[in-house]
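Atoms considered below: every heavy atom in the structure, side chains included; atoms not considered: hydrogens, waters and symmetry mates. Residue numbers start at 1 and run along the sequence shown.
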Amino acid sequence: FLHPDRLHIGIFVVNEGFDSAGGNVLVAAINRGFAVVASRREDQECNIYRVDDNDDEPPTQFTLDPSLHLPTEGHWSRLIGVALRRLARNLRINDNDHGIGADVSMSCDLPPASGLSSSSAVVCMMWLVFGLPLLLQKLQRQEKDDDDPFFFSDLEYMFLKTPNQEALCEYLGCIENGQTFSIPIPNSSRTLKLEGDAGVGTFGGSEDHAAILTSNIHQIRQWSFHPKMTCRGVITMPTEWLFCIACSGAYACKAGGNAMEDYNAASLLAKDAAVLLGGDTLAAVIRKLEEDEEFQTAPCDMREFLVHRLQRAFETRINNVYHNNTLSDTSFSFEALRRRMLHFYDESESLVPSLFQAYANHDAYQVQQTTQSSHTKTVQELQNTIPETEALACMARDCGGIGAASAFGAGFGGSVYAVVECGDAEGFCERWRDMYLERFPERRKDAMFFVSDAETGAFQL
């Protein structure tokens, strides 16, 4: 039994990292990622082979078991172990589950830690190769959970039968961040709950998994994450435009690596700003304040009102036991919280809808202006760029084409995309690469530049 899959990596057309704050994002898949071939075994053993160039490592071996011992933090195989153990625990693996192990060969045509969702792709891969066959096997033999007779039928409904795979994407995000997944079953009083486990140490959401699992060729999707994950719309990428992707060569390893602390700090700033304002997420706070009588009579817009409310809450937080007990980091300054909140508001409430409409209208000027504004705010407010990614965005505008360019991914390294005319795509890519390497020659070995359409996400060959 061969199980060949191709998992195309996702990019964030605008507004990366806002799913955990409940915001709006635009995503698409590109033509690079993982190729996976799995040969089914009769036991529960999992042997992972890497077939990348110059990689002669022996297979990494796991047993699909709830007590699986995780590899050392920082090693590439730890994420595989995290996903396998979580799947074994949540899907109630037992001695009756046969033929769910596999010998897996995988290859990736992207640099590691390049800001292109490779860690989320690995989690999606583990679901497709191990989690899905295990669930299907249990459904086929009509297995019942002793404590919950509806458990497997609820899993089937939420993961295999819901449109757009929202629940599955959210669950895979929880595998990566370690949180418990909980979702009410429609038209019933039941709740499907899958207990959390060790994640990879990041506080991200599920936008990467949505890009990988739900993207279609030539399409860009807008996702919203409040009050629940919802696809707000799909637009067709203009046929005369392509993406040019620049991997800077500056690694941004967020899974137990160099970028994890900075990445998590950005997430926690958004969370703490929401807590101070009395909500779970910034998106929830904004929706609530829109109905607030004080706002409706205030002589200012929502952006100014948010700052006013945040400053008032920040100044009184010392006497507020609830805030002191729920804030993740009481050392965050007001300025840092204000910056993070406004960046979220500007991107999620203004720039995402504007860029979505610009692509729908094939409006090159508006795409350029919106992406440039997004990148500027990322540099000044989110502050997760580095000299390489800042320079790449500026250089892209100097190289011709449409000139729209923005850094994306977890930040603190990673990649930048530009939108270019089809006829000049390869020439643009070459000019962009030459200009970049002239300024950053030390990145020559690891930098990568390539052209892609908006592609289909994960699929089976």
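Ring-plane geometry between Trp127 and Phe159 is classed as perpendicular, the angle between the planes exceeding 60 degrees on a 0 to 90 degree scale with a lower cut at 30. Classified by interplanar angle (parallel below 30°, tilted 30° to 60°, perpendicular above 60°), the ring pair Tyr417/Phe243 is perpendicular. Taking the six-membered ring where tryptophan is involved, the planes of Tyr171 and Phe181 are perpendicular, since the angle between them exceeds 60° and thus also 30°.
Other residues, nucleotides and ligands contribute over 12 non-hydrogen atoms within 6.0 Å of the CD atom of Glu294. Within a 6.0 Å radius of CD in Glu293, no more than 12 heavy atoms belonging to other residues, nucleotides or ligands are found.
Put simply, the residue from Ile175, Leu87, Asp208 that forms a side chain to side chain contact (heavy atoms under 4.5 Å, CB included) with Val123 is Ile175.
With rounding to the nearest 0.5 Å, the separation of CZ in Arg92 from CG in Asn90 is 7.0 Å. Considering CZ of Arg340 and CG of Leu310, their distance stands at 13.0 Å, rounded to 0.5 Å. Here Phe428 contributes atom CZ and Cys422 contributes atom SG; the two are 13.0 Å apart, rounded to the nearest 0.5 Å. Distance CD/Gln311 to CD/Glu335: 10.5 Å, rounded to 0.5 Å. Atom CE of Met126 sits about 12.5 Å away from atom CD of Glu176, to the nearest 0.5 Å. The line from CZ of Arg190 to OG of Ser153 is 6.0 Å long, rounded to the nearest 0.5 Å.
Between Gly33 and Asp109, the closest heavy-atom pair is N-OD1, 2.8 Å. What you find for Thr389 and His375 is that their closest heavy atoms are O-CE1, 3.9 Å. Residues Cys124 and His209 approach most closely at SG-CD2, 4.0 Å, considering heavy atoms. Between Arg431 and Gly400 the shortest heavy-atom distance is NH2-CA, 4.4 Å.
No donor-acceptor distance shorter than 3.5 angstrom exists from the side chain of Thr370 to the backbone of Val367, with no hydrogens or angles considered. A donor-acceptor pair is defined here as one N or O able to donate and one able to accept, closer than 3.5 Å; such a pair exists between the side chain of Ser452 and the backbone of Asn31. Panel note: side chain Asp145, backbone Phe150; no donor-acceptor pair is recorded below 3.5 Å. Looking only at distances, a side-chain donor or acceptor of Ser248 sits under 3.5 Å from a matching main-chain atom of Gly414. Distance alone, capped at 3.5 Å, places no donor-acceptor pair between the Asn177 side chain and the Ser206 backbone. Checking side-chain atoms of Ser77 against main-chain N and O of Ile80 turns up no donor-acceptor pair under 3.5 Å. Side-chain atoms of Asp453 do not come within 3.5 Å of backbone N or O of Glu455 as any donor-acceptor pair. Side-chain atoms of Ser348 never come within 3.5 Å of backbone atoms of Phe344 as a donor-acceptor pair (strictly under, hydrogens ignored). In this structure a side-chain-to-backbone donor-acceptor pair under 3.5 Å is missing from Arg338 to Ser333. Formation of a donor-acceptor pair under 3.5 Å by the Thr376 side chain with backbone atoms of Gln372 is found in this model.
For Asp148, there are no side-chain hydrogen bond (donor to acceptor under 3.5 Å, both in side chains) partners two or more places apart in sequence or in a different chain.
Using a cutoff of 4.0 Å between basic side-chain nitrogens and carboxylate oxygens, Arg303 and Asp346 are scored as salt-bridged. By the 4.0 Å N-to-carboxylate-O rule, Glu207 lies too far from Arg221 to be salt-bridged with it. A salt bridge links Glu388 and Arg443; the closest N-O separation between the charged side-chain nitrogens and carboxylate oxygens is under 4.0 Å.
Ser374 has its side chain out of reach of Leu355: every pair of non-hydrogen atoms, C-beta onward, lies at least 4.5 Å apart. Proximity of Phe450 to Cys247: side-chain heavy atoms (C-beta onward) are separated by under 4.5 Å at one or more points. A 4.5 Å side-chain heavy-atom check between Leu268 and Phe332 finds at least one atom pair inside the cut-off. When side chains are defined from C-beta on, Leu192 counts as touching Leu155, because their heavy atoms get closer than 4.5 Å.
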Worked verdict on Glu390 versus Thr385 for side-chain hydrogen bond (donor to acceptor under 3.5 Å, both in side chains): CA-CA 6 Å; Glu390 291 177 29; Thr385 55; 2.9 Å; yes
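Side-chain contact check for Gln366 and Ser354: at least one donor-acceptor pair (N or O, by modelled atom type) lies under 3.5 Å.
In this structure, the ring of Trp432 has its center no less than 6.0 angstrom from the ring center of Tyr436.
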